[in-house]
Structures are given as structure tokens and as C-alpha cells.
Amino acid sequence: MHRAYWGIVLALSRMSARSLAEEADSPHCSYVNQLKNEYFFAYRQNPHEAEVRSWHNSLQALAQLLVSAQLGDVEMLIEHQMPMCSLRADVVLAGRHPATGEPAYVVVELKQWSAAHMISGSEDLCEIPGRRPRRALLHPVSQVSRYGEYLTDLVQIFDGCPERLSTAAFLHNATTSSVSALLAAPVADGRLFTDSTKEQFADFLRERIQGDPENGAGDSLLRSRSAPTRKLMDVAATQLAEREIFKLLGAQQKAFSLVLRTLENIRSASFGGKEVVLVTGGPGSGKSVVALSLMGHLLRERRSVAHATGSKSFTTTLQKRVTASPQRVGKLFSYFNAFGKARPNDLEVLILDEAHRMRENSNGAPAGSKWAVRRQIEELMDAAQVPVFLLDEHQVVRPGETGTVEAIEKAAADRGVTVRHVNLDGQFRCGGSRAYETWVLRLLGLSPGGPQRWAGTDRFSLSVAGSPEELEEILRTKRAEGMTARITAGFCWPWSRPRKDGTLVDDVRIGAWQRPWNVDHPTGVGGCPPSDLWATDPAGFGQVGCIYTAQGFEFDWAGVILGPDLTWRGGGWHVDPAASEDKMIKDWGGRTAGPSASPPPDLGRLIRNTYKVLLTRGMVGSVLYSTDEETRAMLTEIVHGGGGQGSSGH
């Protein structure tokens, strides 16, 4: 048994089925302890007990079946890392096709379930009877099929040869009768096997794979580049081309052209190495327009490119809205923490949108701790020939977020890499107002000069509401006129899951006015969308959004409620982390002084940055309200000049 390690851990272990079966029969079942050690080596933490049980029971069951099927020489690549995501396949079998002699692979999903049934009304969701709490689970064949798609779409060894890979699920503790509903589901497609159908599973495998004496198939898979295959690029390019509605202007076009020029130079024999492109800009300056335009162009050119963010809401929306087939093309839209296992320069271009949300590292460990792995900025910079960072430094809102111009330039300098910088702040699209953003930065003390009176502009409307009811009514009127609008608030109220009857809890309570937060449920309830789609689904109006669902999105009109975590006292801002319900803020705010591997975050600045993001989501107008009377009076004075409340700047 040895670690599959080619600079990056792609599988915890690789060994023949016969070797694993023999070790499983030994008194100490040593392969399980070895896997635990390899897991710790790869992820800097211990595996969960359930995972260890699966290694002991499920791997043994699969290995013994392979040996009995005369397939003992087939290699088992255990816990194989999926490209550009954090998921791992239980086992990838590697060998040769019995008819052609070509490399052959079978991805196997292993389950210890003894029984399961389908969830009513669903074709691919199931649950285990008697388990509490009840959890919706993906049908094992649907799960392993997606793993197969990931590999054939994103690993170069399958480019033009998708027939090399097959998938199956093995429920070794179940019987045909105990999972009959799963076997009858459309997604099963003859690839779900149980203890009752072990012989059929053996036949299935013998038709597709046999041993490879030199283990060349396993080597080829582990050494293959992880980058979009031509077929996936063609599908993605077609879908993005159909949505190519943006006309790049000024600095946007400059950033676009700079990426293409940099890539061409790197590909030329006279250049070599890599360069970083850094694109900065405030809200509405077109960072994401540049990102999506680059994605479409590079995919049409069949260049290996991927897009990543640090926001689940933003990525989920891109997967759903930009691509017509999220389960396929959507895999090109990923997360920052998905590149920890990427080989250097596997991709030609990696577009890092919302890069201000980069974390210190991808496994969440504090900087300097023994659990910390490589810094996330280093992982991302190394993953592509041309990393493209798009960021707004005033949107760093969480402890541990490290996306700044200074950090990127330092990481590049440490590698001897040139950084090319384009600033988009000289232009705004969709009616966005530079004057308003400047006003917000000064209001919150993020730019010098202090709060100033709102002078008004024909391009942006600003008002202060006297009550949350008035704020909501203004936005409701704008929606009736055909505009988009959302209410957001500081994270100063608890966030409850929906009740069992599907109704939402009105967590945000201000006097008699009360509304629920965006829905804490993976699929939404009662006609309300899940939190990841709150910003873009029209049914999101009526729920209050927080920083994590609003960041990265824009509306025509934004209503913003300032909570008790930020109040105006004695001519300056008072920040109260204890008033926040954001766990990250509360945890840091409650810590006592003492030795630390890294300095504590500036919670005051993070909270002010949070409100900067919320206050700049509107592209046509904003309506403000503060739960604090003194703060509300100050805002009314500088927006309306003491002349009473109402809209300003029309």
C-alpha cells in the first residue's frame, strides 16, 4: 500500500483488490489505520468515525467481491479526489478493458445502508427509514453518475474517450427487497447492486475491466491534467454565447484584452512562466461582466478555464442562471477551496471573482496552527498560468478573509511573478453612481473626510425612511413599476429554520414590523426560494437578506436596515460586536486577549464594510432605516438636510 502522491494527493491510497482483501483478513486490518494516517496527512484532521467504519466494512466487501470475480489484480484508488471540488469518490477501479486493452475505470459508490426508500415526488432523492433526523439523500446511482461526469468532463485522459469510464453503486448490506424502490427509480439504470445481486455486479465489472499488471492505468489517471475537456468547453461555450449580452466599455475591455494578451505571451516560446491579472473596482463597475465575458470567449477558443468565488449564493446563482445545465456546465463555476489539490498550471486561466472573499487557507484552520495547509491565495495563484483576481477591498466583511491588493502583490512577488493591474473605478454601468459610493465610503469612515451631506444626483435616489413599514412600502411601489428590489439588514437577529409546517419564522422584529430572513432550507419552502437564490428569484421579496446572500448581487432598489451593531454616538460610529448574530463576529468579539497565531481582526472595520456592501447594492436608488433613533436622526439630517423625510436626488 502506498500513497498516490504526485505533488498533490489525488487518492488516499492505491492498492490491488487482492492486497486489500488479504489485509482485511489479518488480525489488525492494518489498511484502515494506514488510511487514517493518509487522511490526516492529506487534510490535517482526523476522519469521522462513520468514514472509518465505511473503510473497514465497505472497502472489504468490494475487495472480496473483486477477488471472487477473478479481478484481484484490479487497482483500487481509494477516496479519489474529484477535480475542482472538495468531493471524493469512494473508489475508482483502474485496469484494462478486457476486449480492447485500453485503460478502463469504474467509479464505485459504496453504501452501508441495509434499507432505503424514495422520497415521494422525487426521482433522485431517497431516505433511510427510521433515521433521525430525517435527511434527504441523493440516490447512490445519481451520486456516482455525477462523479463520472466530473471525471470525463474535467480530466484530460477522458478527452474524446468517455467510454473508458463506467459507474456503479454497491449497497453491500442491502437486499433487493429492502431497496426495491431505489432499484425501480429511473436513475438506477441497471447500475445499483446489493448483496442479493453480487453475481450480477461481478458480471458487470468483468465486462468492463480487468487487471493491469504494470498499474499503468492508475498512473495515467493520477498524472492526468485536471482541466475542462473539449466536449465540455464546446457545451459551455454554446450556452455562454447564447447569453453574451454585455458590451465591454473602457477599462472593462482593457482588462479583458490584458488577460488574452497575457495568455498569448505565456504560450509563446519567447515568454514562459506566468503572470497575474488583478482587476479592482467598486460595486457596479463590471467585474463580473469581465469575468463572464472572459469565460465565454476562452471556452469558444477551447482554452482551459474555470471560474471560482468564495460565495455559495453567488456561485449557485451563476450555475443556475448563466448555464442551462448546472449539473454539467455548472461544474466550471466552483469555489476557492476547490483548488487545494490542483496541480500547478493545470488550467490556462482561473477567474477568481469576488476575490476579496479569499480565506487564509482552504480548510478553515487558523493561520500558523499545526492544522493549517497552504495559504489559499497560493493555491489559487499556482493553479493556472494566468490567475485573474477581481476584487473590491471594501467588501472584506468576515474574520479570516484575506483578499486585498497588497496580499496578492506580495504572494506574486514571493514567486517572482508579474502583476498587471486594471482599475475599473473610473466607470459604472447600469446607472450606478460614483458619487453615491463616495458618499457611503465617507459616511462609514472607510474614506477620509467624515460624513457629508447628500448633494443629490440625477442618476441616483437616496432617502431615509422613518419606519421599516415606510421602507418596505417604497420598495413595494418600485416593484409595481417593474423594478427589482430587496430589503437587507445587518446580521443582528437570529436566523431560524422554517417551521415543520413550512412557514417562516419572523426573526427580524422592529416594533410591530416583523419579517423572516431569507430561507434557511436547501430547496426553499412555501414558494420562497432557498437563501442561495434569494437575490435573484422574484419570490425573494418579503424576506430580509443578510450580507452572505446579498454580496455579489445588485438590484434596482435596495432597502437597508442598520441594526444595533452600528450606531452613531457623540459624532462618531460605535460598533458593538455583541449585538451581532453572525457567529464569526460573535466568536471573535467574545475572545479574551492572549497569545494568538494571527492578530485579531478589526471587527469595527468588518462591520462597517458589511454595511458598505449592503448600502451599495442598489443601482437606481437606496432607502435607509436605522433601528437606533440617534443614528436615524443623523442620517435624516445629512440626506434630507433636516427638511423631513422623503425621497431625495430624483
Side-chain angles (χ1 to χ4, degrees), residues 3 5-10 40-45 81-86 88 154 225-227 259 262-263 266 272-280 287 291 304-311 315 333-393 395-396 398-421 596-599 601:
R3 183 187 309 124
Y5 189 76
W6 308 94
I8 297 295
V9 177
L10 294 177
F40 182 85
F41 175 85
Y43 301 105
R44 299 298 192 269
Q45 59 186 4
Q81 180 75 47
M82 292 291 102
M84 294 199 295
C85 73
S86 59
R88 290 171 277 122
L154 294 170
R225 287 181 62 223
S226 294
V259 174
T262 302
L263 181 59
I266 286 175
K274 74 163 66 198
E275 283 191 7
V276 171
V277 176
L278 173 59
V279 182
T280 57
K287 297 186 297 297
S304 59
V305 59
H307 180 287
T309 79
S311 166
T315 298
F333 294 88
S334 187
Y335 300 96
F336 294 155
N337 63 3
F339 294 87
K341 304 294 183 293
R343 291 189 187 87
N345 296 333
D346 256 2
L347 293 166
E348 291 179 282
V349 179
L350 177 56
I351 299 169
L352 303 156
D353 209 347
E354 301 280 300
H356 40 264
R357 300 207 61 182
M358 285 188 296
R359 311 291 293 174
E360 179 62 34
N361 52 64
S362 293
N363 69 347
S369 79
K370 65 179 181 179
W371 304 103
V373 293
R374 277 198 313 158
R375 297 179 64 212
Q376 192 170 83
I377 192 172
E378 296 169 353
E379 295 172 352
L380 297 172
M381 196 170 287
D382 290 348
Q385 294 174 330
V386 184
V388 183
F389 294 87
L390 302 105
L391 63 90
D392 175 0
E393 289 188 293
Q395 292 198 44
V396 175
R398 247 185 139 177
E401 291 182 344
T402 60
T404 65
V405 171
E406 180 182 7
I408 292 168
E409 290 180 338
K410 183 179 186 308
D414 290 344
R415 284 161 168 67
V417 173
T418 299
V419 177
R420 309 280 182 186
H421 187 182
S596 174
S598 59

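Note that the CZ atom of Phe336 and the CD atom of Glu354 stand 7.5 Å from one another [nearest 0.5 Å]. If you take CZ on Arg357 and OH on Tyr335, they are separated by 11.0 Å, rounding to the nearest 0.5 Å. To the nearest 0.5 angstrom, Ile266 atom CD1 is 8.0 Å from Lys274 atom NZ. With values rounded to the nearest 0.5 angstrom, Thr309 atom OG1 is found 11.5 Å from Leu390 atom CG. Atom CG of Leu380 sits about 9.0 Å away from atom CG of Asn337, to the nearest 0.5 Å.
You'll find the side chain of Asp382 reaches within 4.5 Å of the side chain of Arg415, heavy atoms only. Side-chain contact between Gln376 and Glu360: absent, with no pair of heavy atoms (C-beta onward) separated by less than 4.5 Å.
Across Met358 and Gly403, no two heavy atoms sit closer than the pair CE-CA, 3.8 Å. Closest heavy-atom contact between His356 and Asp392: ND1-N, 3.0 Å. Across every non-hydrogen atom of Ala412 and Val419, the tightest pair is CB-CG2, 3.4 Å. Closest approach of Leu352 and Ala355 over heavy atoms only: O-CB, 3.6 Å. Met381 and Ile408 get closest at one heavy-atom pair: CE-O, 3.7 Å.
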- Message: Using side chain to side chain contact (heavy atoms under 4.5 Å, CB included), reason through Val405 and Leu391 one step at a time and then give a plain yes or no.
- Response: CA-CA 8 Å; Val405 171; Leu391 63 90; 4.2 Å; yes
- Criterion side chain to side chain contact (heavy atoms under 4.5 Å, CB included) on Arg420 and Thr418, from CA distance to verdict: CA-CA 7 Å; Arg420 309 280 182 186; Thr418 299; 3.8 Å; yes
- Query: Run the side chain to side chain contact (heavy atoms under 4.5 Å, CB included) check on Leu263 and Val349 step by step: do they pass?
  - Reply: CA-CA 8 Å; Leu263 181 59; Val349 179; 4.0 Å; yes
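Each of Val276, Val277, Val305, Leu350 was evaluated against Val386; a single residue qualifies, Val277, per the side chain to side chain contact (heavy atoms under 4.5 Å, CB included) test.
When atom types are taken as modelled, the side chain of Lys287 and the backbone of Asp353 share no donor-acceptor pair closer than 3.5 angstrom. Although no hydrogens or angles enter the test, the distance criterion places no donor-acceptor pair under 3.5 Å between the side chain of Ser334 and the main chain of Ala308. Of the possible donor and acceptor atoms, none in the side chain of Gln385 sits under 3.5 Å from a partner among the backbone N and O of Asn345.
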